[in-house]
Every structure is written in structure tokens, then in C-alpha cells.
Participant: 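First, the structure itself, so that you have it in front of you.
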Amino acid sequence: MPQLNPEFFVSQLFWLAVFFTFLFVFLWRVSLPRIATVLEKRQNKIDENLSSAKELQEQAMEIEKKINDQINKAKVETDEKIKETINALQEDVSSQLSSLDKDLEKKISDAEKEILKNKDDQMKNINNEIANITKLTVGKITDIELSDNEINKVIEIHKGSFN
Amino acid sequence: MAAKDSPLKQFEIDPISNIELGGYNISFTNSSFAMLITVLVITLFLTLTVNTRSIIPSRMQLISELMYNFIAQLLSDTVGDNGKRYFPFVFSLFMFVLIGNMVGMIPYQFTFTSHIIVTFALAAVVFIGVTILGFINHGIKFFTFFYIPGVPFYMHPLLIPIEVISYLSRPISLSVRLFANMLAGHTLLKVFAGFVVSMPFFTGVFPLAFIVALTGLEILIAFLQAYVFAILTCLYINDAYHLH
């Protein structure tokens, strides 16, 4: 087995020491610090971004709170205004309704009075017409001249039956 | 032993240029070349992909960052806050073993992690480092690491030697695990590659298909062994901080 041949042991150890020492020193002094710098830089950047993101989030939350406050305020205000308007309108409506009611009542009573008056007038006319018709009819049929008083007496007697 | 088409021939070391220093042979070999490639791949990749240092990473930069975070996570999970100091070392170890294994998966490329001397050297660095760390952190009290509390007193003569042996065998188990996995995997690939050539007619297709599947498995093992090496290193570091 060539591995157990001591001929090149010293050479192997010598070059191993040379190359491994070089590698170790180079990585230790040059390569690894570079990579560490990059990683650190990135971590810093990430931390920075995270903290600024947090800040922005807080700001956004504050703004959201403000907006909500304003919305609530506006809601309360509008609610009040709506209530006020509704109340005013209701008052207006009720006052108008009551005035209308009064008007109507007045008109109705006026109309009733007129109707009653008309009814009375008509009743008088009817009585006169009945008397005239009776007078004419009786005169034509019997040649008896009835006086108005006689006719009125009869009508008064029978008034209850045809009225 | 190392015949022309032996499956072990791939592990032979060939010097590229012969160098001698103070009477020792330190020739630059194909193994050293693989280490060079490994180190170049790691350093260039980790340097170039992160060159722009962009906050939004490119895909390649993301790979580097994922590796960084992978080991950082591993270390913080096992050791905790104390582990940050050892991050460069554990990361280098992980990358060196991982890319070394991956470079070995390239056909005709040498796998230096399949050499026990290399893996043992790495494991010995970990072992010695962790032991020194233990004595720095706990002084002479570090020896109580071998003393398991809550065990009947008559068991200690048996348990303490076992603990000592298991502690001393750590570098061996750590290095042999990696070495044996790489050795076995590459040998198996070579053996089946030999079947592809030697089997009659079209039946060589079957070992070829097996090699394709095995290559996928070997890449998985390459990652897994690097991970195991790194996580065991982390656990040993943790032991140096927290005794029983």
C-alpha cells in the first residue's frame, strides 16, 4: 500500500503544513472577514428596514385612529343633524296638520250650515210647491177653491208621513 | 504489490520536482499538487464570489455565505459562544478536507485525503490543540475529564483507563475514518473500472453503471466525511471547555 511507504512522509507533511497554514491564514485574514462584513451589512440593512417598517406601521396605526375618530365624530354630528331635522319636520308637519284640521273643521261646519240652510229653504219651497200643486189639482178636479190656510193645515197634519 | 493495473496504483506518489532540504526529501509531488489545487480553488472561490460584497448576493456569493453559515451554525450549536474564536480554523479544516475530497473525485486526480499521514497530521493538530486548550482552560483539573461522576467507586479503576485510552485514540479514529473512507471508495471505483475493461462483450456496461452510481455515493461521502471531521473537531473543542 503506497500510503504506508515512508519515503514521502516528510514531503507530505511539509507541503501539507505549507498549504494548510496558507489556507488558514488567508481565510482567517481575508476571506472570512469579507463574508462576515457582507452578512453583517445585510443584517444591519434588514434590522434597519424592520425598524423603519415598525415605525411606519405605528404611524399608519395613528393615522387610522385619527380617521376612525373623525368618522365617529362625523357620524355623531350627522346623527344629531338628522334628529334635529326630523324633529323640525315633525313639528312643521304637525303644525300644518293641525292648521289643516282647523281649516277643514271650519269648512265642514260652514258647509253643514249651508246644507242645513239649503235644506230648510228647499223644505219651504217644497211646502209651497205642494200647496200650489194641491190647490191646482183640487181646483181642476173639483172646482173648489181652497184657501192657502186650509191647504197648509192639511200639509202640517201629514208632514210627518212624507218628510 | 503496485502492479501496473493494481487498484492501489492511484495512491502512489510521484514527485513532480525533486527538492531536498536539510537532508530531507520534500519533493513537490502529485499529492502536493492536489493540495495546491485545493487551496487555490478555496481561496479563489471565497475571494472572487464575495468580491462585490453585494447585499443581494449572486448565486456564487450565496454558496460562499451558505458555507460560512453552515460552519458557523455547526460551531455555535456544539460549542456555543466560546466557539467563535475557532471558527477560522474549523472552517479551513472543513473546506480543506471537503475540497480535497472533491478534487480527488476528478478522474486521474490525486486524493491527498486518502493518505493516512495527511489525515493523521490534521487530526494530530486538532488533538494537540484541543488538549492544550483544555489545560489552558482548566489547568490540572483537566485530568478530571477522565473521571466520570455518578459511578460506583469500585468502577473507577476500570473506567479511568478506558477513558484515557478513548481520549488518546481520538486522533487515530479521526484520521483513520477519513483515510479509510477515501481509500475504500477510490479502490472500489478502480476495481469496478477494471471490470469494465476485462468483462466480455457488452457486459462491461453493468460495472460501468455501477461506477456511475458509486461516483454519486462517493461525492456524498466526500461531503459527509468533511462534515464529520468538522463536527468532531467542534465536539472536541467543546470538551476542552466543558468537563463532565
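All figures in this text were calculated on a predicted structure; none of them were measured in a lab. Residue numbering restarts at 1 for every chain, and letters A, B, ... go by the order of the sequence lines.
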Participant: For a quick check under 3.5 Å, do A:Q59 and A:E55 share a side-chain donor-acceptor pair by atom type?
Facilitator: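 No, A:E55 and A:Q59 have no side-chain donor paired with an acceptor closer than 3.5 Å.
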Participant: Quick one: which of B:N25, B:N51, B:I55 has the most heavy-atom pairs under 4.5 Å with chain A, could you say?
Facilitator: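 The answer is B:I55.
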Participant: Are any non-hydrogen side-chain atoms of B:N82 and B:R85 less than 4.5 angstrom apart?
Facilitator: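 They are not in side-chain contact.
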Participant: Do B:I71 and B:L74 make a side-chain contact, defined as non-hydrogen atoms from C-beta onward lying under 4.5 Å apart?
Facilitator: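 Yes, close enough: below the 4.5 Å cut-off.
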Participant: Sort A:F8 into side chain, backbone, both or neither according to what part of it lies under 4.5 angstrom from a heavy atom of chain B.
Facilitator: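 For A:F8, side-chain heavy atoms alone lie under 4.5 Å from chain B.
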Participant: Select one option (side chain, backbone, both, neither) describing which atoms of B:I19 are under 4.5 Å from chain A's heavy atoms.
Facilitator: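 Looking at B:I19, just its side chain touches chain A.
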Participant: Less than 4.5 Å apart, any side-chain heavy atom of A:N118 and any of A:E114?
Facilitator: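 Heavy-atom side-chain distance check passes, below 4.5 Å.
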Participant: Under 3.5 Å, is there a donor on one side chain and an acceptor on the other for B:D77 and B:Q73?
Facilitator: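 Yes - a donor-acceptor pair under 3.5 Å links their side chains.
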Participant: For chain A, which candidate among B:V39, B:I56, B:T38 shows the most heavy-atom pairs at distances under 4.5 Å?
Facilitator: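 Ranked by contacts with chain A, first place is B:V39.
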Participant: For A:I46, which atoms come within 4.5 Å of any heavy atom of chain B: side chain, backbone, both, or neither?
Facilitator: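 Nothing of A:I46, per the 4.5 Å heavy-atom cut-off to chain B.
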Participant: Atom CD in B:E218, atom OG1 in B:T111: separation rounded to 0.5 Å?
Facilitator: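 Rounded to the nearest 0.5 Å, the CD-OG1 separation comes out at 9.5 Å.
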Participant: Under 3.5 Å, is there a donor on one side chain and an acceptor on the other for B:S31 and A:Q12?
Facilitator: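 A donor-acceptor contact under 3.5 Å links the two side chains.
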Participant: Judged by modelled atom types alone, do B:N18 and B:S27 share a side-chain donor-acceptor pair under 3.5 Å?
Facilitator: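 The criterion, which ignores hydrogens and geometry beyond distance, is satisfied for B:S27 and B:N18.
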Participant: Determine whether a donor-acceptor pair (N or O, by modelled atom type, separation under 3.5 Å) exists between the side chain of B:N30 and the backbone of B:I13.
Facilitator: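 Pair absent, no side-chain N/O of B:N30 close to backbone of B:I13.
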Participant: Which of residues 231-239 of chain B get closer than 4.5 angstrom to chain A, counting heavy atoms alone?
Facilitator: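 At a heavy-atom separation under 4.5 Å, chain A is reached by no residue of residues 231-239 of chain B.
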Participant: Which residues, numbered in order, of residues 26-42 of chain A come under 4.5 angstrom of chain B by heavy-atom distance?
Facilitator: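 Against chain B, the residues of residues 26-42 of chain A that fall inside the cut-off (heavy atoms, under 4.5 Å) are A:F26, A:L27, A:W28, A:S31, A:L32, A:R34, A:I35, A:A36, A:V38, A:L39, A:K41, A:R42.
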Participant: For the residue pair B:F96 and B:F112, is the inter-centroid distance of their aromatic rings smaller than 6.0 Å?
Facilitator: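 Centroid distance B:F96-B:F112: below 6.0 Å, so yes.
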Participant: Select all residues of residues 175-195 of chain B having any heavy atom within less than 4.5 Å of some heavy atom of chain A, and report them by number, or 'none'.
Facilitator: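 Against chain A, the residues of residues 175-195 of chain B that fall inside the cut-off (heavy atoms, under 4.5 Å) are B:F179, B:L183.
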Participant: Can you tell me how far CD1 of A:I71 sits from CD of A:E64, rounded to the nearest 0.5 angstrom?
Facilitator: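 If I round to the nearest 0.5 Å, the distance is 9.0 Å.
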Participant: Using a 3.5 Å distance criterion without hydrogens, assess whether the side chain of B:Q61 forms a donor-acceptor pair with backbone atoms of B:S54.
Facilitator: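 A pair under 3.5 Å: yes.
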Participant: With a 4.5 Å limit on heavy-atom distance, are the side chains of B:F94 and B:F229 in contact?
Facilitator: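 SC-SC contact between B:F94 and B:F229 ruled out.
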Participant: Report yes or no: does B:S173 contribute a side-chain atom to a donor-acceptor pair with the main-chain N or O of B:R170 at less than 3.5 Å?
Facilitator: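 Side chain of B:S173 to backbone of B:R170: a pair is present.
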Participant: So how far is it from B:M95 CE to B:M102 CE, rounded to the nearest 0.5 Å?
Facilitator: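 Going from the CE atom of B:M95 to the CE atom of B:M102 covers 10.0 Å.
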Participant: Does a side chain donor of either B:S32 or B:T29 reach within less than 3.5 Å of an acceptor in the other side chain?
Facilitator: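 Yes.
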Participant: Take B:F87 and B:Y68, measure what ring pair (Phe, Tyr, Trp, His ring centres under 6.0 Å) needs, and give me the verdict at the end.
Facilitator: CA-CA 9 Å; B:F87 176 67; B:Y68 184 101; 4.8 Å; yes
Participant: Tell me if the aromatic rings of A:F24 and B:F91 count as close, with their centers under 6.0 Å from one another.
Facilitator: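 No, the ring of A:F24 stays outside the 6.0 Å limit from the ring of B:F91, centre to centre.
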Participant: With the side chain counted from C-beta on, respond yes when B:R59 and B:I63 share a heavy-atom pair under 4.5 Å apart, and no when they do not.
Facilitator: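 A side-chain contact is absent here, since even the closest heavy-atom pair is not under 4.5 Å.
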Participant: Among residues 113-134 of chain B, which residues come closer than 4.5 Å to chain A, judged by heavy atom distances?
Facilitator: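 Near chain A, by residue number: B:S114, B:H115, B:I116, B:I117, B:V118, B:A121, B:L122.
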